[in-house]
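Chain A is the first sequence line, chain B the second, and so forth, proteins listed ahead of strands; every chain is numbered from 1. Both backbone and side-chain heavy atoms feed into the values below; hydrogens, waters and symmetry mates do not.
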Protein chains: 2
Amino acid sequence: MLDRVLLSGAPSPELRPVRVASAVDEVADRLLTAIAVGDFLPGERLPAERELIRLLGVSRPTVREAIARLQGVGVVEIRRGRNGGAYVRDSWTESSAAAVRHTLLPRWEEFEQLFDLRGLVEGMVAATAARRRHPRDLEPMREALAAYLSARTPRDAQTADSAFHQAVCAATGNPQIVMLSRDLLARISLGFPVEPWGKGERTHFHQGGEDHKALYESIAAGEPERAEEIAQRHFMISAEMIRDVLARVRAAGES
Amino acid sequence: MLDRVLLSGAPSPELRPVRVASAVDEVADRLLTAIAVGDFLPGERLPAERELIRLLGVSRPTVREAIARLQGVGVVEIRRGRNGGAYVRDSWTESSAAAVRHTLLPRWEEFEQLFDLRGLVEGMVAATAARRRHPRDLEPMREALAAYLSARTPRDAQTADSAFHQAVCAATGNPQIVMLSRDLLARISLGFPVEPWGKGERTHFHQGGEDHKALYESIAAGEPERAEEIAQRHFMISAEMIRDVLARVRAAGES
DNA sequence: GGTAAAAGGTCAGGCCACAAGACCTTTTAG
DNA sequence: CTAAAAGGTCTTGTGGCCTGACCTTTTACC
């Protein structure tokens, strides 16, 4: 009802102007999402152009322009010759701080809402996983947890962290939930690497380990309320860290 | 991890083939969604072509082809002359039963997952609304509830129902939640009208009234657990009805 | 150390969906 | 009866994308 007044007389929110996503837009978005979600970690190489053509089903110029955009924002670095390709840059937040300021800060309110939503959804996911958990679902969680606790490098920790949360989602037995969780992660991470934890945040890192352990136990024990509470708090802290990073970026931009 | 094996060697789910949505696809999808969500009820007329051009920012041939598709599936009926336009057909499920069978049945598993997800999400929404409710948020809910209880025609009930659930979402204070809820509704309703309740389902209708009343009261009283339980059950029942309708369609198709 | 393979870099030609705009036809309110 | 408001039709122009061939750079491997 309110929409009808707010949106310039449009009888439905669906009738807002259409933004025909071009193929280049789509590919650039996909690649950026894949990087943000952690499918390609800093230092790793994206598939070769001709491989991406095959995977994505688009032409080479399209892929090239998409990659050129990522390069333009400082997300990847192009190397030529054999073993060349688009390499994800280390800690690309710093190099693209300017881009972050221009892209993210104006939409900050939206990000706060997304943080909130993600906390709620992941809480719900954890509770549901605790209710429906099946013995065979616990196995991957145990594995990921072990990998996380024994991780030496931030990269390993990140991979294990991702695997763990994915395992929790999978334990709900609903693929749509996995997709929703992944989508939220992508929308939140579009501006910065998955876990923007520099060297100083190792402490949180370990606290995160406690969180993961407690979350696993509450799910394994079938305690929905506890699982929900832990997950929600966990993702709140995660959001808090990103806020800190952003605050630093903002400060750096104003100085 | 598993994805890397399952998806034909793709290193990331984001690298599946791109489907560049054409402008026509997008517009047709928007219109169908708007109808499915109940922004345009049976018997009502869509905005005129030239109006849609203005709203959607696309060219006339594009709008025309999109509308032609809706006509092709039997969703709208075109009338010419003054006061002409695309009118939403009454009970278009029946007229397009064949389309339903070909479109929906193959994806039935996905729909079951969406029903499940919707129940969980709406439960979470209700609980959150109960926790965060603000006096000014309760007003629209009361209004919609009153409208629902005093509705004479199914159409009025439908409008009020939609307004009520939207008000609950709004009470969470998070616009992203409103969008998520709307998106889920759209994805579920894409095949059939919002509330596929024929004359025989009036009983459920009334029970729905009880649900709405109880939901409002638990939110107003600030009882998250009760609100969550009511909402979840409410949407489970809703899903059950759609299952019934589909079962009937399937039976009609096999006979 | 040479060479071929594997990557990125460049370019030209052709196609198709879409945008813009003018104009025709049908219906109906007034 | 007439003009307005709708859908129906057509033409023309353009931009984005695909195809495909070829060039350049680097490096693994013989």
Length of the [atom1]-[atom2] vector between [X] and [N], whole Å:
{"X": "A/Glu49", "N": "D/dG20", "atom1": "CD", "atom2": "P", "value": "17 Å"}
{"X": "A/Glu77", "N": "D/dT26", "atom1": "CD", "atom2": "P", "value": "13 Å"}
{"X": "A/Leu70", "N": "C/dG8", "atom1": "CG", "atom2": "P", "value": "13 Å"}
{"X": "B/Leu52", "N": "D/dG8", "atom1": "CG", "atom2": "C1'", "value": "16 Å"}
{"X": "A/Ile53", "N": "C/dA6", "atom1": "CD1", "atom2": "P", "value": "16 Å"}
{"X": "B/Leu46", "N": "D/dA6", "atom1": "CG", "atom2": "P", "value": "13 Å"}
{"X": "A/Arg54", "N": "D/dT19", "atom1": "CZ", "atom2": "C1'", "value": "19 Å"}
{"X": "B/Arg79", "N": "D/dA6", "atom1": "CZ", "atom2": "C1'", "value": "13 Å"}

Using the test side-chain contact (heavy atoms from CB on, under 4.5 Å), find all partners of [X] that sit at least two apart in sequence or belong to another chain.
{"X": "A/Glu14", "answer": "A/Ser12, A/Arg16, B/Arg30, B/Thr33, B/Ala34, B/Asp39, B/Arg182"}
{"X": "A/Asp116", "answer": "A/Leu120, B/Arg132, B/Asn174"}
{"X": "B/Ser181", "answer": "B/Glu122, B/Cys169"}
{"X": "A/Asp183", "answer": "A/Arg187"}

Next item on the list: Would you sketch DNA chain D in dot-bracket for me? Only Watson-Crick or G-U wobble pairs with both distances under 3.5 Å count, crossing pairs as [ ], other-strand pairs as |, the rest as dots.
Entry: ||||||||||||||||||||||||||||||
Note to self: Check the phosphate of C/dG9 against A/Arg64, side-chain N and O only, distance under 4.0 Å to OP1 or OP2. Yes or no?
What the structure shows: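 So the side chain of A/Arg64 is within the cut-off, an N or O lying under 4.0 Å from OP1 or OP2 of C/dG9.
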Would you mind writing out the side-chain donor-acceptor pairs for residues 61-71 of chain B within the sub-3.5 Å range, not counting sequence neighbours?
| unit_1 | atom_1 | unit_2 | atom_2 | d |
| --- | --- | --- | --- | --- |
| B/Thr62 | OG1 | B/Ser59 | OG | 3.1 |
| B/Arg64 | NH1 | B/Glu49 | OE1 | 3.4 |
| B/Arg64 | NH1 | B/Glu49 | OE2 | 2.7 |
| B/Arg69 | NH1 | B/Asp25 | OD1 | 2.7 |

Checklist line | Main-chain N/O of B/Gly84 paired to B/Arg45 side chain as donor or acceptor, under 3.5 Å | finding: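 Confirmed, B/Arg45 side chain pairs with B/Gly84 backbone.
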Next item on the list: Scan nucleotides 17-30 of chain C nucleotide by nucleotide, 5' to 3', and note B when protein non-hydrogen atoms come under 4.0 Å of the base, S if they reach only the sugar-phosphate, - if neither.
Entry: -SBB-BB-BBBBS-
Notebook entry, point to check: Looking at residues at least two apart in the chain, or sitting in another chain, which of them share a salt bridge (Lys or Arg N to Asp or Glu O under 4.0 Å) with A/Glu143?
Noted result: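 For A/Glu143, no residue satisfies salt bridge (Lys or Arg N to Asp or Glu O under 4.0 Å) once neighbours in sequence are set aside.
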Check: Residues two or more places apart in sequence or in another chain: which of them pass salt bridge (Lys or Arg N to Asp or Glu O under 4.0 Å) with B/Glu110?
Finding: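 Salt bridge (Lys or Arg N to Asp or Glu O under 4.0 Å) list for B/Glu110, sorted by chain: B/Arg107.
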Notebook entry, point to check: Roughly how far, to the nearest 0.5 Å, is the CD1 atom of B/Ile188 from the CZ atom of B/Phe115?
Noted result: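 If we round to the nearest 0.5 Å, B/Phe115:CZ and B/Ile188:CD1 are 5.5 Å apart.
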